[in-house]
Amino acid sequence: MSHSTDFGPDLVEVFGPSQVDGGPELVQLLTPEGERVEHPEFRYEPTDSDGKPIAEDEAIRGLYRDMVLTRRIDTESTALQRHGELGIWAQLLGQEAAQIGAGRALRPQDYVFPTYREHGVAWCRGVDPLNLLSLFRGVDHGGWDPSAHNFGLYTIVIGAQALHATGYAMGMQRDGVVGTGDEARDAAVVAHFGDGASSQGDVNEAFIFAASYNAPVVFFCQNNQWAISEPIERQSRIPLYQRALGFGFPGIRVDGNDVLATYAVTKAALQRAREGQGPTFVEAYTYRMGAHTTTDDPTRYRLDHDVERWKLRDPIARVKAYLARNGAASESFFAKVANEADELGHRLREGCKAMPDPSPMAMFDQVYAEEPPELAAQREGFAAYLETFDSSSVVEPVETQGAGR
Amino acid sequence: MSHSTDFGPDLVEVFGPSQVDGGPELVQLLTPEGERVEHPEFRYEPTDSDGKPIAEDEAIRGLYRDMVLTRRIDTESTALQRHGELGIWAQLLGQEAAQIGAGRALRPQDYVFPTYREHGVAWCRGVDPLNLLSLFRGVDHGGWDPSAHNFGLYTIVIGAQALHATGYAMGMQRDGVVGTGDEARDAAVVAHFGDGASSQGDVNEAFIFAASYNAPVVFFCQNNQWAISEPIERQSRIPLYQRALGFGFPGIRVDGNDVLATYAVTKAALQRAREGQGPTFVEAYTYRMGAHTTTDDPTRYRLDHDVERWKLRDPIARVKAYLARNGAASESFFAKVANEADELGHRLREGCKAMPDPSPMAMFDQVYAEEPPELAAQREGFAAYLETFDSSSVVEPVETQGAGR
Amino acid sequence: MSTQRITLAKGLNAGLRKAMEDDPKVLIMGEDVGKLGGVFRITDGLQKDFGEDRVIDSPLAESGIVGTAVGLALRGYRPVVEIQFDGFVYPAYDQIVCQVAKMRFRSKGRNPMPMVIRIPFGGGIGAVEHHSESPEAQFAHTPGLKVVACSNPVDGYWMIQQAIACDDPVIFLEPKRQYHADKADLDLDLAPDPLFASRVVRRGTDVTVLAYGPTVKTALRAAEAAAGEGRALEVIDLRTLSPLDMDPVFESVRRTGRAVVVHEAHVNLGLGSELSARVTEECFYSLEAPVLRVGGFDTPYPASRIEEEFLPDLDRVLDAVDRSLSF
Amino acid sequence: MSTQRITLAKGLNAGLRKAMEDDPKVLIMGEDVGKLGGVFRITDGLQKDFGEDRVIDSPLAESGIVGTAVGLALRGYRPVVEIQFDGFVYPAYDQIVCQVAKMRFRSKGRNPMPMVIRIPFGGGIGAVEHHSESPEAQFAHTPGLKVVACSNPVDGYWMIQQAIACDDPVIFLEPKRQYHADKADLDLDLAPDPLFASRVVRRGTDVTVLAYGPTVKTALRAAEAAAGEGRALEVIDLRTLSPLDMDPVFESVRRTGRAVVVHEAHVNLGLGSELSARVTEECFYSLEAPVLRVGGFDTPYPASRIEEEFLPDLDRVLDAVDRSLSF
Ligand SMILES: Cc1ncc(C[n+]2csc(CCOP(=O)(O)OP(=O)(O)O)c2C)c(N)n1
Ligand SMILES: Cc1ncc(C[n+]2csc(CCOP(=O)(O)OP(=O)(O)O)c2C)c(N)n1
Ligand SMILES: [Mg+2]
Ligand SMILES: [Mg+2]
């Protein structure tokens, strides 16, 4: 045999301990200690959602507030699940910066395809958190109007939405809202998914379609290191952002616990897409601090020690440290935000408990635009059947005192 | 906005005219003119199937013979289809070197998962070409015994076999026949597929599983530039071999019309797999000289001019030129091979025409290991039903005079 | 004169063209639908006339095609997806069953999913494996989808337009064996039947034969042959498989007292089982015999040299008619 | 004493363990089946005891799992695949329907496909979308696959072992709502029923109720309630959905003259349609009423707050029994 078996690097070991802190390629603008750092390619240059520059500290205070409120949505919902008010809840603890950074980089005309965990992005898009709760409570499959917020419904089948996002972006191309040079018009799409999802055929096909048509879509992957109990190493043996290279578009790994960096990188990727330069893969390197969902028990498969280490990289703490250390926010600002969070918590608790159950008859609604006679007959038959019981308590929406079904 | 939108190369244009001859990364050991060239990493070092070195010219004569006979299988089958003896035929014209190079690099213990076009590999594995014809004639779904040849059945659903190959390779790992250092024992798998197939979720998932488990599988992609009417640019905007980089294993582009280079590269990749170093992606850069199948009309979608240019890169002509120019084969050798090809052609024609139709009752066979009573009843019912006709002409296998059904 | 003699392939092609002219939001997507015009040439010439943005050659990935079509539909387009052969729809199954079918429901009507998924289906063309399947039952079982099958050139022309105009996702089955077979007169002045309606295509009094797609022709030929023996079969072209349009069926069976269903799909859990169940529920006291089913056997589709034995043919239909009459 | 009181989850876990002990070729594959023991803990402890080579945590890709399982089966292994929830089997649909189901047939028996695909199925656990589906009809329609559903802990223990020992691919449906519900006595000295056999679980004379998986319990509770009103329902646990074991069903319906089928899957083209068709074909003159079907409505599975209204319950079964008796 010739020497030629060693024609490639042995990549099995590439994904090793060096990756624990994200590796050298990690884009970071704010350290875990709350210190601003420079990056040769990305700068934090905040704008409002129409692209007008805003003052840095004001913007960072806004991001802080977003993250605190998002975390409150999360902890409150977790508590509501514990109290039997929600059937399940998918926690985002630890991923606030990734989501707020990505969410605040959007323009109104952009469109977002979330997974089931993008509560922070939903927040940025103006979706009432109660609309998220209704899904996890089992009241509906998603309560908001996607086109009112340019924020699609949560998608539970892993990876399916990556293709929807790509198709939607192809639609934008056909609508002539890509690469026109008109900032108020040019639009792009963000597809959210997780590290586990990167293994699904659909996600990889989305890369292919997006590359083939040069579609204006940002693939925003929150690598929170876990797909339920499976570590990222099961899905990829090299840093995940490099997946994009195989499909011919750029991939970037950003510190997903750094809201400034995530904002900057996502914004650049979106801008690139809007300008007609095609797709980008953004790997937001972060950590799922909580369980997969409220029904999961992560102590079965991961070490406390890991979680503890990631606590030191908390996305909110570092922004607070920055704001405090630089006198960019006063105590009263922090108190006000804390207060707001309490109010939000209260609203969620009350709103959730007061949420009426749907009418059983709702299951017959919107199956079709044009209801077939056979389904109409089932609807009528069931209504008549319900009539044979005490109809007042079943057919009409009722307020319940808990989700203890 | 910062400068950061240009954080990646604009890759849209990467796959451009520079790729027409395979680009600089193409591994080549024999030029279209039949001249041997050196490559820094790969050398042509022929061995027999047990790994024992054999004389170069003898080996190259063998490859020449393989390619000529494979081409004859192809042209003869195309003719048989034209005469109504086959329902359809998938032509390999132009891909002989890719297939023979890959096929001859195998050891007996290796296993191959083909598409529907790997007639040359089948040849190397000792599959009787008549067994291929029975499939395209509609007599069965594949007539050979996969385990007798370590050559799986043709797979028609694009890409499905890439996963089978990966799973089979995982089985080899579990059987302890990978990386033992025993050359006679260590084994690997080859998964064949086309450029179009590279877009299927299954193929990309196969990359993921193979990388994740470091499975001993060589992904051998014949990039013949076309997926029916769609050019490679629709599937990838960068050279296809680079796909592997995104999954963390090596990719190599080899001149698929150069049998020596294909042999050398495949062998190295197989060796790497057998030694436990995991998967490799080999892109055999070639061209589908014929139609997609005999029912296709390529004049609808491609230029004669392209085909003409590729004729100059004919895989057989260059080996013949090499052998002749260097006195490595005599006129009588070429005549003998031509003669063998004629004999093979004759055998195929006669064998195909003499092929009996299956009994209609065969459709009830081997649906299950344990036939359920309801299927047994259908079988019996149908047999009885056939009895009501002139049973002699229907139930028993009959020889037919053409495929004109 | 508005009458032309056309094949099914031509009818579909003309219908697609008309739909694209009528509505700029209509897109065609699929493998080889562009320059090649599809392997069956159903989209012939459309890319040339409507451009690559509206007739989209896709990468070779069915889930990708349907999944991006979902996105396009969310953006307000009306994608018409071509699946190259019945046997290749399965990689897209998840997108069809979990996304296309449920999008409207899940979104409380806010995200309609007007999409047509065209599938050349059925056997009899001497093809290799996976090119002759009949997957309709799997889609008909899925709420949120509508499933129709055309059987002739005129229906092909109208039904494809109606399907595209429909705001619900429609699985549109085309009997590939008929594409280039019989011609029929398309008279543009004749108003078409509604899309979701079955149609009595031959009147009769003895046995009701239910068919769709490729087996309508088989049923009609059987009726012809039976007539020679003095038996009057009524043949119904179901046309819509989900929802089923049962009223004409019930009406017929109440008259004949007997029904035979003919499809190429496997008998077990094929459309015939649902038709049998419903006819029995509704016409219990009218039935002189159980509904009998003639279909593909419960084996994988066999090699093409024996496919005609697998497929229901005139003789097997007549055999079932006999069994029904002598029950 | 060889008797233990176990849940369905425990029965399956013990059965899997036994199968792995008995045959070193048995492998378990799926998402989270290793350290976590599966989201329902059915594979709890198995990776610890049999190692990572035999209990394989897979990348998050169902087609990949089943597709590599095909390869492992070709190499002589007996993979037992866990699909995490019913609604996530569809990405693997192509591999199951086109490869797993057809491999033996295509290869003339040379490539057997001994594989078990375990699917927790059905609703009633208050879950979000896609976690409560009943996809059995789609698999039962596919020749080459066998489909079974267990309904109780003892069957769970035996049936999973029998399915693994079976040389045909088996879709193995587990009523997830029962996993941790009722316990039952597993007596290892009692020989199990064969895998492909239905079983009369309650004797009765008035109406035959056919159920499987989660609805067996519903049917038994309905029978209990009906008994209070003086009606004797016979309940059959079908256990095997493909092939169906019809003889006990025919025998029963010939006695009762009436049948009601109960499943969670959508009524349209659900198992009930096939059962209705066959019972009517076979017991035509014994039937006093058409076979009635109680199932999930022909709507997508609704939000969990109203899922109990979607699912057949005791009242709807009794309602159908009433309608059958008063037909
Ligand atoms: C097709 C499919 N398979 C399996 C599941 C079950 N499941 C839900 S979440 C999850 C893990 C997802 O991991 P990742 O993509 O990393 O996202 P994360 O949950 O970490 O945000 C799995 C396996 C699913 N929802 N869809
Ligand atoms: C899943 C699937 N979709 C579509 C087809 C129809 N089809 C057969 S071959 C082919 C093109 C394949 O192209 P490529 O992978 O490049 O292989 P080649 O034919 O060029 O060898 C297509 C689309 C198929 N067989 N399977
Ligand atoms: Mg994750
Ligand atoms: Mg090709």
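All figures in this text were calculated on a predicted structure; none of them were measured in a lab. Lettering follows sequence order; numbering is per chain, from 1.
The residue among F297(D), F284(D), F88(D) with the most heavy atom pairs within less than 4.5 Å of chain C is F284(D). Note: C98(C) leads A265(C), C98(C), P135(C), G144(C) in heavy-atom pairs under 4.5 Å with chain D. Heavy-atom pairs under 4.5 Å with chain D peak, among A289(C), G270(C), P300(C), at P300(C). Note: P91(D) leads P91(D), A303(D), G272(D) in heavy-atom pairs under 4.5 Å with chain C.
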Looking only at N and O atoms, which donor-acceptor pairs between chain D and chain C are within less than 3.5 angstrom?
unit_1: Y93(D); atom_1: OH; unit_2: Q138(C); atom_2: NE2; d: 3.0
unit_1: K102(D); atom_1: NZ; unit_2: E133(C); atom_2: OE1; d: 3.3
unit_1: K102(D); atom_1: NZ; unit_2: E133(C); atom_2: OE2; d: 2.8
unit_1: R106(D); atom_1: NE; unit_2: E129(C); atom_2: OE1; d: 2.9
unit_1: R106(D); atom_1: NE; unit_2: E129(C); atom_2: OE2; d: 3.0
unit_1: R106(D); atom_1: NH2; unit_2: E129(C); atom_2: OE2; d: 3.1
unit_1: R106(D); atom_1: NH2; unit_2: H130(C); atom_2: NE2; d: 3.4
unit_1: E129(D); atom_1: OE1; unit_2: R106(C); atom_2: NE; d: 2.9
unit_1: E129(D); atom_1: OE2; unit_2: R106(C); atom_2: NE; d: 3.0
unit_1: E129(D); atom_1: OE2; unit_2: R106(C); atom_2: NH2; d: 3.1
unit_1: H130(D); atom_1: NE2; unit_2: R106(C); atom_2: NH2; d: 3.3
unit_1: E133(D); atom_1: OE1; unit_2: K102(C); atom_2: NZ; d: 3.3
unit_1: E133(D); atom_1: OE2; unit_2: K102(C); atom_2: NZ; d: 2.8
unit_1: Q138(D); atom_1: NE2; unit_2: Y93(C); atom_2: OH; d: 3.0
unit_1: A140(D); atom_1: O; unit_2: N268(C); atom_2: ND2; d: 3.0
unit_1: H141(D); atom_1: ND1; unit_2: N268(C); atom_2: O; d: 2.6
unit_1: H141(D); atom_1: ND1; unit_2: L269(C); atom_2: O; d: 3.4
unit_1: N268(D); atom_1: O; unit_2: H141(C); atom_2: ND1; d: 2.6
unit_1: N268(D); atom_1: OD1; unit_2: R278(C); atom_2: NH2; d: 2.9
unit_1: N268(D); atom_1: ND2; unit_2: A140(C); atom_2: O; d: 3.0
unit_1: L269(D); atom_1: N; unit_2: E274(C); atom_2: OE1; d: 2.7
unit_1: L269(D); atom_1: O; unit_2: H141(C); atom_2: ND1; d: 3.4
unit_1: S273(D); atom_1: OG; unit_2: S273(C); atom_2: OG; d: 3.0
unit_1: E274(D); atom_1: OE1; unit_2: L269(C); atom_2: N; d: 2.7
unit_1: E274(D); atom_1: OE1; unit_2: R293(C); atom_2: NH1; d: 2.8
unit_1: E274(D); atom_1: OE2; unit_2: R293(C); atom_2: NH1; d: 3.4
unit_1: E274(D); atom_1: OE2; unit_2: R293(C); atom_2: NH2; d: 3.2
unit_1: R278(D); atom_1: NH2; unit_2: N268(C); atom_2: OD1; d: 2.9
unit_1: E281(D); atom_1: OE2; unit_2: R293(C); atom_2: NE; d: 3.0
unit_1: E281(D); atom_1: OE2; unit_2: R293(C); atom_2: NH2; d: 3.1
unit_1: R293(D); atom_1: NE; unit_2: E281(C); atom_2: OE2; d: 3.0
unit_1: R293(D); atom_1: NH1; unit_2: E274(C); atom_2: OE1; d: 2.8
unit_1: R293(D); atom_1: NH1; unit_2: E274(C); atom_2: OE2; d: 3.4
unit_1: R293(D); atom_1: NH2; unit_2: E274(C); atom_2: OE2; d: 3.2
unit_1: R293(D); atom_1: NH2; unit_2: E281(C); atom_2: OE2; d: 3.1

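With a 4.5 angstrom heavy-atom cutoff, V97(C) touches chain D only via side-chain atoms. Proximity to chain D is absent for every atom of V89(C), based on heavy atoms less than 4.5 angstrom apart. There is no contact between I96(D) and chain C, counting heavy-atom distances below 4.5 Å. Residue contact with chain C, scored on non-hydrogen atoms closer than 4.5 Å, involves the backbone and the side chain of L287(D) alike.
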